[in-house]
K.L.:
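Here's a structure for you.
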Amino acid sequence: MFARAAALAAMLTALAAFDGAAAQMANQPPDTMAARVEACTPCHGNKGEGTSDVYFPRLAGKPAGYLYNQLLAFRSGRRKYPPMNYLLEFLPDPYLEAMAEYFASEHPPLPQPAPSEVSKDVLAQGELLATSGDAGRNIPACVSCHGPGLTGMQPGIPGLLGLRAAYVSAQLGAWRYGTRTAKSPDCMQLVAGHLTEADVTAVAAWLATRPAPADPAPVPKGTYALPFGCGSQPN
Amino acid sequence: MGSRLSITLLALAALTTAAQAQDKTSDVIARGEYLARAGDCTACHTAAEGRLFAGGRPMPTPFGTIYTSNITPDPETGIGKWSADDFYRTMHNGRFPDGGLIYPAMPFASYTKVTRVDSDAIFAYLRSIAPVNQKNKPHELRFPYDNRQLILGWRTLFFSEGEFKPDPTKSAEWNRGAYLVEGLGHCGMCHSPINALGGTSQSDAFKGGLIPMQNWYAPSLTSNREAGLGDWSIKDISDLLQTGVSARGVVYGPMAEVVHNSLQYLSDADTRAMAVYLKGIAEASSPPPASSALPNTESSLLISLGKTVYDKNCASCHGTQGEGKPPHWPPLANNQSIEMQSAVNPIRMVLNGGYPPGTKGNPMPYGMPPFAGLLSDNEVAAVVSYIRTAWGNRGTPVSAREANELRSAPLN
């Protein structure tokens with residue numbers, strides 16, 4: 001009798017606890033990364049697909065290692081954009097890693113390329129630089145690191161698709177002027193240092209015209225050898 | 001035989017003593033590390049991507065830029081040649097070992113309250129970390145502030161030397177809290193009004209003020225109409241200090257840094273002691289309600305636009321009645337941070353958004369997006385006016401001009 005009463009009491013207590021937990025849950029934000037990154041989405045899109053603002057990049061589907069490096073660089077102030085520096089300043093590494101993983105694992109479709117505002121000649125110059133580089137000026141082709149399909153390589157090299165010309169141009173400019181830097185050897189700073197303003201305009205414009213490939217995923221690490229050392233992609 | 005035994009015993013005794021001494025040393029170092037956290041030394045003495053305590057962090061002040069110093073045990077560029085006496089004198093009296101005057105950006109007006117035992121423990125800890133050979137950068141202060149003799153004047157007005165004196169009429173817990181808040185915590189550096197001379201008078205302690213250069217308002221800790229914690233539970237205060245979030249609100253802006261670097265590491269007992277003290281210094285009676293400079297017709301137009309902006313952009317997290325989902329989505333109804341006379345912080349939260357700090361107790365905080373790019377000055381003013389006056393909140397409307405001025409506030 002006593003045992004049955006005790007069992008009943010225990011069951012009731014458990015039920016009450018369950019009730020309490022359910023009530024607690026109902027009154028809490030969803031325990032998901034999607035809810036935690038709501039601070040990011042007005043600028044970067046709900047799934048990191050980007051927004052109408054041409055200076056805010058798409059994050060979705062980029063390699064997690066690349067996104068994590070950027071989050072670390074914004075947090076330390078190495079990569080300068082005050083609203084990002086401010087948001088991330090007091091967030092711990094594992095959380096930034098989880099944010100990077102979250103956006104890396106989202107795969108909203110790539111946008112339709114917008115019609116280009118530059119001339120055919122400029123686009124042709126952009127295509128030449130992006131696909132063949134210019135050995136005489138020490139400029140490697142974009143595809144030699146970012147991949148033949150421009151989809152990037154795990155873990156640290158981003159794809160270049162789905163970005164607007166204004167964003168790519170601003171980033172190349174930032175490397176040329178040294179306001180965007182990465183771990184040494186800072187390969188993009190070296191490359192951008194050889195580019196003229198006309199090169200930047202042409203490459204950025206051509207990249208923005210690229211249609212989505214069948215498989216937009218970054219290729220696995222080591223799929224191809226990089227032409228030179230890169231701090232963000234250790235061998 | 002007998003002598004061999006006694007030698008063995010002696011050797012054993014010597015070993016034990018050495019081991020005990022080592023234990024004691026490592027205890028002191030651990031204690032020093034804890035106290036250095038309580039004093040948030042790293043916030044200033046470690047630069048972004050810099051080595052621990054190697055200094056070199058630029059500190060913008062209204063008088064020019066001060067570069068923090070290297071406090072690693074490097075003999076050339078750090079404090080490797082200092083004695084415990086030197087260190088105590090610096091903490092307690094704001095003077096370098098050679099007698100030189102230290103700029104009061106170093107909170108020695110608070111650290112003077114730290115006991116000798118605690119100062120020695122912090123020194124022992126600093127002696128134990130990796131030395132870094134990195135020269136201190138000279139300050140870039142404008143004339144006449146580059147003249148250190150001016151500090152003498154400042155000291156006469158605003159500095160009173162002396163270790164913390166417990167108040168025998170209060171509990172041990174209250175006194176421990178007071179010691180931490182007034183001393184190592186140096187809370188008064190921000191939470192007291194700073195006058196034109198860069199000082200705080202004793203009678204204004206913890207009465208709040210705009211933090212120079214950062215343009216965040218550090219609310220009063222003594223007024224329940226600001227951040228006074230008189231009607232908060234000890235648990236809510238402790239949660240806020242230790243995890244950065246609580247049922248009543250979350251920390252943001254410069255206070256997020258304090259929780260991140262310092263308060264999250266304090267023991268439950270010390271956190272509670274600070275909570276008890278902070279609750280105790282809050283004023284029971286409220287000052288008269290604040291009045292708005294805006295004409296009534298303009299206010300009511302703003303507030304009705306504000307409700308539209310709120311329902312569209314804010315209600316999904318903060319609730320249609322401002323109830324939020326605490327602790328992660330803070331309530332806005334009955335939230336002192338929103339109602340207080342200065343509207344700087346609510347305007348900045350709308351413009352800049354923010355994440356509470358990631359802490360041991362809350363490692364993956366929820367964040368708020370910046371609305372600077374999404375809302376016009378008028379909409380920002382409207383929504384802030386709405387949340388300051390809706391649901392029984394007793395704040396006042398704000399103007400589009402006030403919102404606009406804070407768009408250029410520094411973010412870091």
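Note on naming: letters A, B, ... go to the chains in the order of the sequence lines (proteins, then strands), and numbering restarts at 1 for each one. Note that these values count all heavy atoms, side chains included, but never hydrogens, waters or copies made by symmetry.
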K.L.:
Is atom CZ of Arg78(A) surrounded by more than 12 heavy atoms (other residues, nucleotides or ligands) closer than 6.0 Å?
P.N.:
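Atom CZ in Arg78(A) is crowded, with more than 12 foreign heavy atoms closer than 6.0 Å.
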K.L.:
With rounding to the nearest 0.5 angstrom, report the CG to CE distance, Leu87(A) to Met368(B).
P.N.:
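Here the rounded value is 10.5 Å.
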K.L.:
Looking at Trp329(B), is its backbone amide N or carbonyl O close enough to the side chain of Gln28(A) to form a donor-acceptor pair, meaning the two atoms are under 3.5 Å apart?
P.N.:
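No; zero donor-acceptor contacts below 3.5 Å.
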K.L.:
Under a 4.5 Å heavy-atom cut-off, does chain A meet the side chain of Pro365(B), its backbone, both or neither?
P.N.:
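Looking at Pro365(B), backbone and side chain both touch chain A.
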K.L.:
Based on non-hydrogen pairs under 4.5 Å, which of Pro356(B), Gly354(B), Ala48(B) is most in contact with chain A?
P.N.:
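The option with the most such pairs is Gly354(B).
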K.L.:
Could you give me the CA-CA distance, side-chain angles and deciding distance for Glu257(B) and Phe90(A), then say whether side chain to side chain contact (heavy atoms under 4.5 Å, CB included) is met?
P.N.:
CA-CA 7 Å; Glu257(B) 173 176 352; Phe90(A) 305 115; 3.2 Å; yes
K.L.:
Are Asn352(B) and Pro83(A) packed together at the side-chain level, in the sense that at least one heavy-atom pair is separated by less than 4.5 angstrom?
P.N.:
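Contact flag for Asn352(B)/Pro83(A) side chains = no.
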K.L.:
Is Met364(B) close to chain A through its backbone or its side chain, or both, or neither, when contacts mean heavy atoms under 4.5 Å?
P.N.:
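For Met364(B), backbone and side chain are both near chain A.
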K.L.:
Do you know which two heavy atoms are closest between Ala39(A) and Pro370(B), and how far apart they sit?
P.N.:
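Shortest heavy-atom separation between Ala39(A) and Pro370(B) comes out as O-CD, 3.8 Å.
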K.L.:
Donor-acceptor pair, distance only, cut-off 3.5 Å: does the side chain of Tyr355(B) make one with the backbone of Arg36(A)?
P.N.:
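Answer holds: yes.
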K.L.:
Around atom CD of Glu49(B), are there more than 12 heavy atoms from other residues, nucleotides or ligands closer than 6.0 Å?
P.N.:
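Yes, enclosed.
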K.L.:
Can you name the closest pair of heavy atoms from Pro92(A) and Pro363(B) and give their distance?
P.N.:
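That would be CG-O, 3.7 Å.
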K.L.:
If you draw a 6.0 Å radius around OH in Tyr55(A), do more than 12 non-hydrogen atoms from other residues or ligands fall strictly inside?
P.N.:
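No, not enclosed.
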K.L.:
How far apart are the closest heavy atoms of Pro29(A) and Tyr366(B), and which atoms are they?
P.N.:
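Taking Pro29(A) first and Tyr366(B) second, the nearest heavy atoms are CB-CE2, 3.7 Å.
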K.L.:
Nearest 0.5 Å, please: how far is CG in Leu411(B) from CD in Glu89(A)?
P.N.:
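Glu89(A) CD to Leu411(B) CG: 9.5 Å, rounded to 0.5 Å.
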K.L.:
Contact part of Thr32(A) toward chain B, heavy-atom cut-off under 4.5 Å: side chain, backbone, both or neither?
P.N.:
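Just its backbone gets close to chain B.
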